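These notes concern the structure reproduced below.
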Amino acid sequence: MKPIIGITCNYDTMDTVGTCSGMGSSGQDWNFLAGEYVYAVEKSGGIPVILPRLQDMSALEPFLSQIDGLLVTGGHDVDPHSYGEKISGKCGRVVPKRDEMDLAVVRYAYKHKKAILAICRGAQILAAAVGGKLYQDLETEKGVMHDFMDTCPGDYVAHNSVIEEDSLLFRILQEKVVGVNSLHHQAIRSIGENTKVAALSEDGIIEAIEVFGGNPFTIGVQWHPEMMMGAKAGSGIFDAFVKACEKSQNV
């Protein structure tokens, strides 16, 4: 049987998420997800299942026990309270209820040794779940220009990332330098427990992490591989993730 992969979704209390597209009514909140995440899992041979935010997140646990892997997706900025800091004026919009959900499912998957692929905001959530901290805004806190290429095609290569040769990511990609897209202004500032840096951007920003102590495949990447399925930095990562989920079935 193909591996079942749970995918976290965006959650927003702004009713304009629906009303701007002619759906729903005022006062509704929304669970929603960009299709590329679903298609990437499907293309690599997994069965994608969207995980909604529930009023009681513990009610998801019986289902989480049945998935073979977890894909943690992008979205709004991470609430600094998630990593023990106060919010600054340069932090973007936060949705604490989504942070609560994502942290809960990541910690469950980590504890139960499920394969985890965490993307962009998801990588930041993975870092925060094990004690890492974030830059709330790269330009003001780090003094580097971030490459937020939201006006470009999703697979547009914004910069290079340098892969650490002793990492699982290097064994997957078999390349020291890969071109990646970029859709973020926050990033991991410091790593937490059982974590190693797997890739850095050319200006020294953490672009990928690997976390040990859970499933051997517990990787967070700052770029969006689901938008780069025509390149190894996209399809190579998803193929390896789904393969790791297949192995989880047999554990």
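This one's a predicted model, so the numbers in the text were calculated from it and none came from an experiment.
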Are [X] and [Y] in one and the same hydrophobic cluster, where Ile, Leu, Val, Met, Phe, Trp and Tyr link if side-chain heavy atoms are under 4.5 Å apart?
X      : Y      : result
Ile191 : Val162 : no
Val78  : Met101 : yes
Val49  : Ile7   : no
Tyr110 : Ile219 : no
Ile119 : Ile116 : no

Backbone of [Y] reached by a side-chain donor or acceptor of [X] within 3.5 Å:
X      : Y      : answer
Glu141 : Tyr135 : no
Gln136 : Ser88  : yes
Lys113 : Gly213 : yes
Ser44  : Val41  : no
Asp68  : Pro3   : no
Lys2   : Gly46  : no
Thr218 : Pro216 : no
Tyr37  : Gly74  : yes
Glu210 : Leu169 : yes
Lys114 : Ser65  : yes

Query raised in the report: When you measure from the centre of the six-membered ring of Tyr11, is the NZ or CZ of Arg53 under 6.0 Å away and within 45° of the axis?
Result: yes
Under 4.0 Å between a side-chain nitrogen and a carboxylate oxygen: does that hold for [X] and [Y]?
X      : Y      : value
Asp239 : Lys243 : no
Asp102 : Arg121 : yes
Arg171 : Glu165 : no
Lys97  : Asp29  : no

Rounded to the nearest 0.5 Å, what separates atom [atom1] in [X] from atom [atom2] in [Y]?
X      : Y      : atom1 : atom2 : result
His76  : Cys91  : NE2   : SG    : 11.0 Å
His184 : Asn181 : NE2   : CG    : 9.0 Å
Ile209 : Thr195 : CD1   : OG1   : 5.5 Å
Ser82  : Leu134 : OG    : CG    : 8.5 Å
Leu64  : Glu61  : CG    : CD    : 7.0 Å
Ser161 : Ile206 : OG    : CD1   : 12.0 Å

Query - Derivation of the side chain to side chain donor-acceptor pair (under 3.5 Å) call for His224 and Glu226 - result: CA-CA 5 Å; His224 281 265; Glu226 81 284 0; 2.7 Å; yes
How close do [X] and [Y] get, heavy atom to heavy atom, and via which atoms?
X      : Y      : answer
Leu138 : Ala187 : CD2-CB, 3.9 Å
Asn10  : Gly75  : OD1-CA, 3.4 Å
Pro52  : Ile50  : CD-O, 3.5 Å
Pro225 : Ile237 : CB-CD1, 4.4 Å
Ala115 : Cys245 : CB-SG, 3.9 Å
Asp79  : Pro96  : OD2-CG, 3.7 Å

Requested in this report: For the pair Phe241 and Phe238, name the ring-plane relationship: parallel under 30°, tilted 30 to 60°, perpendicular over 60°.
Outcome: perpendicular
Requested in this report: Please assess Ile5 against Leu70 for the test side chain to side chain contact (heavy atoms under 4.5 Å, CB included), listing each intermediate value before the final yes or no.
Outcome: CA-CA 6 Å; Ile5 297 171; Leu70 175 68; over 6 Å; no
Requested in this report: Might you work through the side chain to side chain contact (heavy atoms under 4.5 Å, CB included) test for Leu200 and Glu207, ending with a clear yes or no?
Outcome: CA-CA 5 Å; Leu200 293 170; Glu207 284 280 303; 5.8 Å; no
Query raised in the report: Mind checking who shares a hydrophobic cluster with Met23, ILVMFWY linked at side-chain heavy-atom distances under 4.5 Å?
Result: Val17, Trp30, Phe32
Requested in this report: Step by step, work out the side chain to side chain contact (heavy atoms under 4.5 Å, CB included) result for Ser235 and Lys43.
Outcome: CA-CA 9 Å; Ser235 60; Lys43 183 176 181 180; 5.6 Å; no
Query raised in the report: What's the verdict on salt bridge (charged side-chain N to carboxylate O under 4.0 Å, His left out) for Asp12 and Arg93, showing C-alpha distance, side-chain angles and the deciding distance?
Result: CA-CA 11 Å; Asp12 206 320; Arg93 183 164 178 265; 2.9 Å; yes
Query raised in the report: When you look at Trp223 and Ser182, which way does the side chain to side chain contact (heavy atoms under 4.5 Å, CB included) test go after all the steps?
Result: CA-CA 6 Å; Trp223 65 91; Ser182 186; over 6 Å; no
Query - Asp99 versus His81, side-chain donor and acceptor atoms under 3.5 Å - result: no
Report task. Decide salt bridge (charged side-chain N to carboxylate O under 4.0 Å, His left out) for Glu85 and Arg189; before the verdict, give the C-alpha distance in whole Å, the side-chain angles of both, and the deciding distance to 0.1 Å. Result -> CA-CA 13 Å; Glu85 295 188 358; Arg189 187 177 82 220; 2.7 Å; yes
Requested in this report: State, yes or no, whether a side-chain contact exists between Val72 and Leu126 at a heavy-atom distance under 4.5 Å.
Outcome: no
Requested in this report: Assess whether atom CZ of Phe212 is packed by more than 12 heavy atoms of other residues, nucleotides or ligands within 6.0 Å.
Outcome: yes
